[in-house]
Amino acid sequence: MPDVIVGIDLGTTNSEVAVVENGQPRVLAEGGDPILPSVVGLADDGRLLVGRAARNQWVLAPDRTVKSIKRKMGQDVKVALGDQQFTPQEISAMVLRTLKARAERELGVPVAKAVITVPAYFNDSQRQATREAGALAGLDVVRILNEPTAAALTYNPDQSRAERILVYDLGGGTFDVSIVHTENGVVEVLASHGDTALGGDDFDELLLNHVADEFQEMYEIDLRASRTSRARLLAAVEDAKKRLSDHPFARVEEEFIAEKDGVPLHLSTEIDRGDYEELIRPLLDRTMECLQRALDDAHLTAAQIDRVVLVGGATRTPLVGQLLEDRLGQPAHREVNPDLCVALGAAVQGAIVAGQNVGSVLVDITPHSIGIKCLEYTGAGGFRANEFKFAPIIKRNAPLPASRSEVFCTVSDSQPTVEIDVYQGENADVRRNHRVGRFMIEGLAKVPAGNQLLVQLDLTLDGVLKVSAREKSTGLTKQITVENALARYAVTERAAAQARLDRMWADLESLAHAPPPPTDDDPPPLPASEFGLAAASMPTLDPGPREGQRETVQARALLEKADRIRAKAAAEDQEELDRLAGKVRDALTDRRWNELEAACNDLSDVLFYLEDA
Ligand code: AMP
């Protein structure tokens with residue numbers, strides 16, 4: 001039996017251990033929880049605490065608790081834990097020992113070997129300290145692996161495809177962006193940049209200040225002044241921040257958080273995702289500057305990146321995905337849980353060292369976007385009447401189960417009813433997608449247009465879709481359940497939709513981005529509805545063709561044609577064709593788009609001549 005080599009992500013905030021079994025990487029959970037907080041403490045009776053128990057006591061007993069020890073790895077310092085002093089290696093070893101014990105319990109065999117991941121920017125002494133921590137925990141560290149390399153391995157375990165993968169890693173306290181190249185079993189970090197003091201914890205601080213300022217204005221009490229009320233508020237805003245990743249609003253409610261003149265005060269406020277995004281945007285802009293530096297260092301343009309991979313819990317923030325898509329022209333991969341991605345990749349590396357075969361990580365994702373029909377909001381209370389759009393709520397490739405909500409508004413004054421018309425597909429024109437269900441919500445408040453409705457979709461692993469609509473001001477709710485929502489988009493319909501898309505693409509090429517004129521294939525306009533809904537802001541679908549994609553399609557078609565014509569051509573023509581096709585292939589491989597266009601023109605001229613001959 002081959003050695004068990006586990007993969008360990010030894011993180012600043014959290015750590016995980018994973019293993020490959022029967023070719024499948026999986027994270028080892030305890031009591032259903034795959035995450036071990038990287039926190040070590042001593043209980044008041046002197047017992048050692050590692051993980052959640054230690055993290056829970058941190059606010060109350062900071063002198064007996066150590067967190068974020070990863071920041072001190074490689075430094076010649078000691079940290080106090082109660083009345084004893086420990087090196088960073090010793091503290092890390094306690095986390096590693098706990099993970100080793102977890103793996104042994106879960107697997108039922110001794111575990112003596114591990115691959116441990118470190119940030120790409122770790123220097124030799126930091127790497128050495130990580131090895132020592134492993135040894136102190138009784139582990140033979142067979143490999144120290146860069147975190148972005150691990151993430152790349154998770155998505156491309158056999159490294160069969162030559163790929164340039166951009167790994168964007170935004171955790172609790174640190175940010176890294178790396179560009180990794182995989183080819184023929186070699187994985188190389190081409191460039192890496194980051195900020196060791198930027199992460200989701202900073203978002204919490206911004207949100208905490210926002211809520212505390214509001215509270216102070218109302219009651220003249222600063223919740224930050226008391227350690228316990230600050231800690232409670234921090235936990236509450238972190239929770240709200242996470243909910244804002246899937247919902248447009250989040251409430252923060254904390255009872256008895258302060259007292260004024262003997263009267264208890266409660267905190268109750270609502271945070272709007274738009275306001276939250278405004279708060280964190282400057283921090284995310286900084287990450288985009290790092291990204292640009294990494295691209296520059298690797299001498300690559302955005303179009304040369306084949307895949308964008310998200311790592312770290314804070315990448316669940318929708319604005320992160322949106323900014324990356326705007327900058328890089330392709331949606332980021334978030335199929336593999338971003339908290340577990342690095343540990344899974346470390347396990348893949350362990351299995352490779354042990355000589356095992358490894359398959360890809362199995363994830364359940366939704367193959368189509370699911371959303372509703374709505375009118376496009378054009379700002380300042382206006383919308384495009386009678387032109388129905390598709391507003392995706394759960395986007396394609398979202399991991400299952402998925403639960404998301406978005407806000408929509410009524411379009412006329414005192415509108416009593418709205419129609420919730422649910423579709424799946426990828427087209428912005430809702431008529432080209434597939435309807436999966438419909439219902440009305442009646443008896444809405446008699447208020448001016450702009451009455452907000454929260455539409456929530458919950459999709460289970462078995463494809464059961466629950467759609468609910470709630471009038472925000474009154475709580476009036478209606479819902480339906482659609483069984484088999486994932487299976488409804490029949491293959492034939494998908495093929496037809498694909499053919500339509502291909503035709504649109506061809507139109508796009510010939511008309512140089514002019515919108516295609518209506519054709520006989522266009523579905524008839526949908527009837528105007530007095531029960532309309534408008535999207536408060538239009539969620540985006542996957543972007544259209546990326547830079548160079550049109551040229552690539554053209555070049556491939558031309559090369560195929562050259563192959564066909566070459567078979568019938570004379571020897572000297574074959575030679576000329578080979579020369580020109582070679583130039584096209586070179587320009588295509590190196591993504592030199594201008595050169596590719598010129599080479600394609602030359603090849604096309606000769607083909608034209610030979611075709612006629
Ligand atoms: P990591 O260091 O990778 O474990 O990332 C932890 C950070 O991710 C913390 O700041 C968390 O608050 C944040 N986080 C976890 N889940 C979410 C979520 N659903 N939306 C936004 N941030 C999240």
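Note that ligands are numbered from 1 as they come in the structure, with each ligand's atoms numbered from 1 the same way.
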**Request:** Over all heavy atoms of both residues, which pair between A191 and A294 is shortest? Give the atoms and the distance, please.
**Result:**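 Looks like CB-O, 3.4 Å.
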Pair [X] + [Y], salt bridge at N-O below 4.0 Å:
X    : Y    : value
E147 : K70  : yes
E255 : R232 : no
E106 : R102 : no
D297 : R293 : no

**Prompt:** So, is the end of the K472 side chain (NZ or CZ) under 6.0 Å from the ring centre of F249 and within 45° of the ring's axis?
**Reply:**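 Verdict for F249: a cation-pi partner in K472.
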Report each N/O pair between ligand 1 and the protein that falls under 3.5 Å, naming both atoms.
| from | atom 1 | to | atom 2 | distance (Å) |
| --- | --- | --- | --- | --- |
| ligand 1 | 2 (O) | T13 | OG1 | 3.4 |
| ligand 1 | 2 (O) | G172 | N | 2.8 |
| ligand 1 | 3 (O) | G313 | N | 3.1 |
| ligand 1 | 4 (O) | N14 | ND2 | 3.1 |
| ligand 1 | 5 (O) | G172 | N | 3.3 |
| ligand 1 | 5 (O) | G313 | N | 3.3 |
| ligand 1 | 8 (O) | A314 | N | 3.0 |
| ligand 1 | 10 (O) | K241 | NZ | 3.1 |
| ligand 1 | 12 (O) | E238 | OE2 | 2.6 |
| ligand 1 | 12 (O) | K241 | NZ | 2.6 |
| ligand 1 | 16 (N) | R316 | NH1 | 3.4 |
| ligand 1 | 20 (N) | S245 | OG | 2.6 |

